[in-house]
Amino acid sequence: MGNVILTGFMGCGKSSLGIKLSYRLRMALLDTDKIIEKEQGCTITELFEQRGEEAFRQLETQCIKDIGKKKDFYIISVGGGLPIKEENRKLLKDLGLVVYLRIRPETVYERLKEDTTRPLLQGDNPQEKIRKLMEQRKSFYEDGADLIVDVDDADVEQVIYEIAQCYRKRQGRKRKNKKERTGKEKEE
Ligand code: S3P
């Protein structure tokens with residue numbers, strides 16, 4: 001399908017880059033965390049506290065399944081832990097171009113040290129939590145991605161340009177393949 005999916009660790013800029021990309025490609029932006037919060041009528045922190053992480057993970061899977069049923073294409077920003085599940089990685093691939101916004105742990109810490117909305121990074125030693133989680137997840141992000149972009153010191157405009165170019169090329173290729181297929185079918 002022709003969506004653009006932004007993945008990556010907490011704080012990598014999925015939401016802010018998503019807004020810019022949404023303007024550039026003229027596609028609406030969806031955010032799995034925001035959809036879940038709206039549907040459940042509570043914050044992610046409350047969800048983790050009241051129902052636990054596993055319940056949240058199930059809601060994430062359901063959320064991307066529901067997005068797959070939509071007719072239009074979107075820029076989709078997904079929660080940082082969503083690509084950990086193999087089932088989710090497959091669902092994301094089917095949805096479209098999967099972009100992994102890669103970031104260094106030190107940059108995450110700098111960006112999120114005052115943040116209170118990420119339950120997995122609260123409490124003692126957030127630096128160690130970030131380092132460990134990132135180590136566990138690295139290969140899942142990389143395996144699931146069609147395009148990897150390093151975002152730490154990157155120019156935002158350059159990142160947007162790179163993703164938009166990659167998406168347009170892919171969509172162009174798809175259209176060409178479709179034309180060639182229908183052309184052949186007509187000849188036969
Ligand atoms: C999580 C990332 C968060 C949110 C939840 C869990 C994770 O989203 O889904 O707190 O497991 O990495 P962001 O990546 O948008 O911060």
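When reading the values below, keep in mind they use all heavy atoms of this one structure, side chains included, and skip hydrogens, waters and symmetry mates. In this chain, residues are counted from 1 in sequence order. Every number for a ligand or one of its atoms is a count from 1 in the order of the listing.
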Pairing of [X] and [Y] as salt bridge, 4.0 angstrom limit:
| X | Y | value |
| --- | --- | --- |
| Glu106 | Arg131 | no |
| Arg24 | Glu157 | yes |
| Lys138 | Glu142 | no |

Report task. Considering only Ile, Leu, Val, Met, Phe, Trp and Tyr, and joining two whenever side-chain heavy atoms are under 4.5 Å apart, list the other residues clustered with Phe140. Result ->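 Once heavy-atom contacts under 4.5 Å are chained together, Phe140 belongs with Ile84.
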
Taking only heavy atoms of [X], which atoms of ligand 1 are found under 4.0 Å from at least one of them?
| X | value |
| --- | --- |
| Gly79 | 8 (O), 9 (O), 14 (O) |
| Phe56 | 9 (O) |
| Pro119 | 10 (O) |

Query raised in the report: Could an N or O of ligand 1 be found under 3.5 Å from any N or O of Leu120, whether backbone or side chain?
Result: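 Among all N and O atoms of Leu120, none is under 3.5 Å from an N or O of ligand 1.
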
Query raised in the report: If you measure every N/O of Ile44 against every N/O of ligand 1, is any gap under 3.5 Å?
Result: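 No, since none of the N or O atoms of Ile44 sits under 3.5 Å from an N or O of ligand 1.
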
Query raised in the report: Which of the listed options, Asp33, Thr43, Leu112, Leu47, holds the heavy atom that is closest to atom 9 (O) of ligand 1?
Result: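 Nearest option to atom 9 (O) of ligand 1, by heavy atoms: Asp33.
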
Query raised in the report: For atom 6 (C) of ligand 1, which candidate among Arg118, Met134, Arg57 holds the nearest heavy atom?
Result: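 Ranked by closest heavy atom to atom 6 (C) of ligand 1, first place is Arg57.
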
Query - Backbone N/O of Thr43 and side chain of Glu46: donor-acceptor pair under 3.5 Å - result: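 Yes, because the side chain of Glu46 sits within donor-acceptor range (under 3.5 Å) of the backbone of Thr43.
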
Query raised in the report: Which protein non-hydrogen atom lies closest to atom 14 (O) of ligand 1, naming both residue and atom, and how far is it?
Result: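 I find the closest protein heavy atom is Lys14 NZ, 2.5 Å.
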
Query raised in the report: Of the protein's non-hydrogen atoms, which lies at the shortest distance from atom 7 (C) of ligand 1, and what is that distance?
Result: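 For this ligand atom, the closest protein heavy atom is Gly81 N, 3.3 Å.
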
**Report entry** Donor-acceptor side-chain pairing of Lys85 and Thr61 below 3.5 angstrom
**Finding:**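 Judged by distance alone, the side chains do pair up.
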
Which pairs would a plain distance check flag for residues 71-83, meaning a side-chain donor or acceptor within less than 3.5 Å of a matching protein atom at least two apart in sequence or in another chain?
none

Query raised in the report: Counting heavy atoms only, which part of Arg137 comes closer than 4.0 Å to ligand 1: side chain, backbone, both or neither?
Result: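 Within the 4.0 Å criterion, Arg137 contacts ligand 1 through side-chain atoms alone.
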
